[in-house]
Structures are given as structure tokens and as C-alpha cells.
Amino acid sequence: FQVKVIRDRIRVLHLNGRPTWDSRFLREVLANHPKVDLLSFFILRTLDDDVASPTSELSLIPFPTNLLFSDYLNSFDLILFQNFSYKPFIEKRYLNNIKDFVKNGGAFMMIGGELSFQGGGYAQTDIEEILPVHLEHIPQPFVNASFNLQLEKRLFRHPILQLEKESEANSKVWQSLPELNGINAGLKPRKNANVLASFIKGGEKYPVLVAGRIDKGRSFVIATDSLWNWNFRRVGEGGSGRHYHRFWNNL
């Protein structure tokens with residue numbers, strides 16, 4: 001007889017380039033999720049930061065690049081870059097390892113912010129090849145606009161978007177979620193990608209939630225750093241943050 005062995009936890013490597021409310025709320029979800037085995041790195045400062053103390057008096061731990069992206073890379077299921085610029089910490093040759101990891105069945109996610117996508121120097125790199133979007137080569141500024149997500153009608157029943165079981169209740173939830181603030185512009189969905197939700201302004205359509213398959217692996221993009229509004233602001237308005245948790249549980 002055959003025995004199918006299934007790992008009971010999802011191993012996640014979470015790299016965060018700058019502590020924010022979005023990263024704080026996401027880490028809380030991942031750290032407390034019973035199915036997630038989380039390894040997080042938060043960049044608190046770099047050698048270029050202007051601080052009021054000499055370097056000798058400050059802690060600056062060398063980033064374990066080789067261990068993470070060579071020795072232990074295949075032990076993870078998901079690599080998550082959140083508002084993270086790779087250049088000060090990861091040599092460009094290791095980006096190819098991440099690309100191979102995804103093409104062979106791993107998963108990769110990039111969450112927005114000023115240090116993501118073009119802001120993190122990912123245009124024309126191996127990381128761009130595993131994103132479900134193309135990055136415009138001309139750097140696009142991080143747009144500080146407030147907006148509500150517009151779901152793609154043909155993908156409304158996508159598993160990630162199911163915050164409630166019944167279709168009508170699910171639609172009402174999405175319409176009632178608090179506004180988001182800030183979006184990464186200059187992202188163009190790939191041909192076979194699934195754009196789940198966008199920000200539409202005038203005749204311009206900015207993809208925000210985009211999923212795609214990369215050979216045997218999967219890739220996901222969240223082109224904003226403000227999903228935490230669905231928790232914090234919703235609770236502040238007298239509601240519940242459970243739909244924020246449901247979204248990440250689906251994802």
C-alpha cells in the first residue's frame with residue numbers, strides 16, 4: 001500500500017524592510033496561525049541610516065543571506081517580501097535561487113510599499129520573472145491615494161475572495177470594508193494572471209490583488225501596504241476584524 005505524507009504546517013519566510021502597522025498586523029496573523037511555521041526578519045536600520053550614535057554602539061546583525069537563500073531555501077513553502085528592498089541585504093545571484101524555488105513548486109508573495117516593486121529595484125530581475133505582473137521600467141511613485149477595491153466580477157467566486165459563504169453576504173462584506181490608503185503604480189498584469197481586485201480612477205485601472213502560476217509554483221501580489229485597515233479601522237468603527245483574518249486564511 002501507499003502512504004501519502006502531508007506536512008501539517010506551512011513554512012513561511014517573511015522579510016520586512018520597514019516596520020509598519022501593516023507588517024505588525026500581518027505578523028500577528030501569521031505568528032498565531034496554527035498551520036503556519038513562521039520565520040520573520042524585520043529590518044530596523046541600515047548602514048545608511050542617520051542615527052545619533054556611533055556604529056560601534058549599535059547592533060547591526062549580518063543578514064544570513066547564504067543560509068536563507070541557498071542552504072535552507074527549499075525548507076520553506078512561501079517566501080514573502082513585504083515593503084522590502086533586496087539590494088542592501090541579498091546579492092543579485094541569490095534572486096535566481098528564489099526564481100528556481102518558485103518554478104519548482106514554491107510560492108512567492110510581494111506586498112506593496114515604497115520599498116516594493118520598482119521602489120525595491122526589482123524591475124528586470126529574476127524576481128520580476130516570478131511575479132504575476134510586469135514592472136514598468138520607468139520608476140513609478142508610491143501613490144498616496146485613498147480608495148476602495150473593485151472586484152473582478154468573473155472572479156468573484158475565487159477562493160481567496162470568499163469572506164462569507166453566501167454570495168450575497170460576501171458581496172456586502174466587500175462593499176463595507178474600510179478604504180485602503182496608498183498603492184504601487186506601474187504594474188501590468190501578465191497574460192495568464194488573475195486580477196482579483198483593482199483600484200479604478202477615471203479611465204485608469206490599477207491592479208491591487210493579482211494571482212498567477214509560475215510553472216509548478218504560485219505567485220501573488222498585493223500592491224498596497226494598508227490591508228491592516230480592514231482590521232484596525234473596522235474594529236474602531238464597532239465591527240470585527242474577522243474578515244481581515246479570513247482573507248489571510250484564504251490566501
Side-chain angles (χ1 to χ4, degrees), residues 7 10-17 22-23 26 29-30 33 35-41 68-69 72-86 90 92-113 115-137 140 149 151-152 154-155 158-162 183-199 205-225 227 247-251:
R7 288 169 57 183
I10 299 171
R11 290 261 297 160
V12 178
L13 174 61
H14 177 208
L15 303 185
N16 184 268
D22 199 45
S23 59
L26 174 57
V29 169
L30 296 175
H33 199 295
K35 294 285 187 181
V36 172
D37 184 8
L38 177 66
L39 178 60
S40 286
F41 286 87
L68 293 176
F69 300 109
Y72 298 148
L73 181 59
N74 289 324
S75 71
F76 296 104
D77 299 296
L78 168 65
I79 309 298
L80 198 164
F81 283 9
Q82 183 172 18
N83 200 23
F84 178 76
S85 176
Y86 77 94
I90 304 175
K92 202 168 185 178
R93 60 190 176 95
Y94 287 106
L95 302 184
N96 184 68
N97 292 1
I98 299 175
K99 180 178 73 173
D100 291 340
F101 161 79
V102 174
K103 287 189 172 184
N104 290 325
F108 182 83
M109 184 189 303
M110 184 173 288
I111 300 176
L115 303 178
S116 293
F117 304 106
Q118 294 97 326
Y122 293 104
Q124 296 181 306
T125 67
D126 290 314
I127 294 298
E128 182 182 3
E129 293 184 31
I130 57 173
L131 293 176
V133 294
H134 295 288
L135 307 183
E136 291 185 1
H137 301 320
Q140 296 286 330
L149 285 182
L151 302 188
E152 290 289 332
R154 66 182 184 85
L155 295 173
H158 193 284
I160 292 175
L161 302 179
Q162 301 311 298
I183 186 171
N184 291 88
L187 310 184
K188 302 298 181 184
R190 294 186 185 274
K191 184 178 179 181
N192 297 322
N194 288 322
V195 180
L196 305 184
S198 305
F199 164 45
K205 188 174 184 180
Y206 300 91
V208 179
L209 305 180
V210 188
R213 288 189 175 273
I214 310 295
D215 289 352
K216 297 179 181 179
R218 296 185 182 185
S219 182
F220 198 80
V221 155
I222 299 176
T224 182
D225 63 350
L227 291 189
F247 172 81
W248 281 108
N249 187 63
N250 293 348
L251 193 51

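These numbers come from a predicted model, not from an experiment.
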- [ ] Start with the C-alpha gap between F101 and I130, add the side-chain angles, then the distance that decides, and say whether side chain to side chain contact (heavy atoms under 4.5 Å, CB included) holds.
- [x] CA-CA 10 Å; F101 161 79; I130 57 173; over 6 Å; no

Open item on the list: Would L209 and F247 count as a side chain to side chain contact (heavy atoms under 4.5 Å, CB included) here? Give the steps.
Closed with: CA-CA 12 Å; L209 305 180; F247 172 81; 4.0 Å; yes

- [ ] Give the C-alpha distance, both sets of side-chain angles, the deciding distance and a yes or no for side chain to side chain contact (heavy atoms under 4.5 Å, CB included) between L73 and I79.
- [x] CA-CA 9 Å; L73 181 59; I79 309 298; 3.9 Å; yes

TODO: Report the C-alpha distance between N16 and F41 in whole Å, list the side-chain angles of each, state the deciding distance to 0.1 Å, and finish with yes or no for side chain to side chain contact (heavy atoms under 4.5 Å, CB included).
DONE: CA-CA 6 Å; N16 184 268; F41 286 87; over 6 Å; no

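Residues V133 and E128 fail the side-chain proximity criterion, which asks for heavy atoms closer than 4.5 Å. The closest side-chain heavy-atom distance from L187 to H134 is not below 4.5 Å. Inter-residue side-chain proximity for F69 and L13 is flagged as met; some heavy-atom pair is nearer than 4.5 Å. In this structure, the side chains of S219 and I214 come closer than 4.5 Å at one or more pairs of heavy atoms. With a 4.5 Å cut-off on side-chain heavy atoms, L15 and I90 count as touching. Residues M110 and L131 meet the side-chain proximity criterion, which asks for heavy atoms closer than 4.5 Å. When side chains are defined from C-beta on, M109 counts as touching L78, because their heavy atoms get closer than 4.5 Å. Contact of the I160 side chain with the L196 side chain is registered, since non-hydrogen atoms from C-beta on lie closer than 4.5 Å.
For the residue pair G120 and S85, the shortest heavy atom distance occurs at O-OG, 3.6 Å. Minimum heavy-atom separation, T125 to G121: CG2-O, 3.5 Å. Closest non-hydrogen pair, S116 versus G112, comes out as OG-C, 3.5 Å.
Rounded to the nearest 0.5 angstrom, K103 NZ and N96 CG are separated by 8.5 Å. One distance of note links CG of D37 with CD1 of I10; it measures 10.5 Å at 0.5 Å rounding. Separating the CG atom in D126 from the CG atom in D100 is a distance of 8.0 Å, to the nearest 0.5 Å. Summarising the geometry, atom CD1 belonging to I127 is positioned 6.5 Å from atom OH belonging to Y122; distances are rounded to the nearest 0.5 Å.
For the side-chain contact (heavy atoms from CB on, under 4.5 Å) criterion with P207, the lone passing option out of N184, I183, V195 is V195.
The residues D77 and R11 are annotated as not salt-bridged, no charged nitrogen and carboxylate oxygen being separated by less than 4.0 angstrom.
When ring centroids are compared, F108 and F81 come within the 6.0 Å threshold.
Few gaps surround CZ on R190; more than 12 heavy atoms of other groups in view lie less than 6.0 Å from it.
Using modelled atom types, one finds a donor on one side chain and an acceptor on the other under 3.5 Å when comparing N249 with H33. Checked by atom type, the side-chain pair D22/Q82 shows a donor-acceptor distance below 3.5 Å.
No donor-acceptor pair under 3.5 Å is formed between the side chain of Q118 and the backbone N or O of A123. A donor-acceptor pair is defined here as one N or O able to donate and one able to accept, closer than 3.5 Å; no such pair exists between the side chain of S198 and the backbone of K205.
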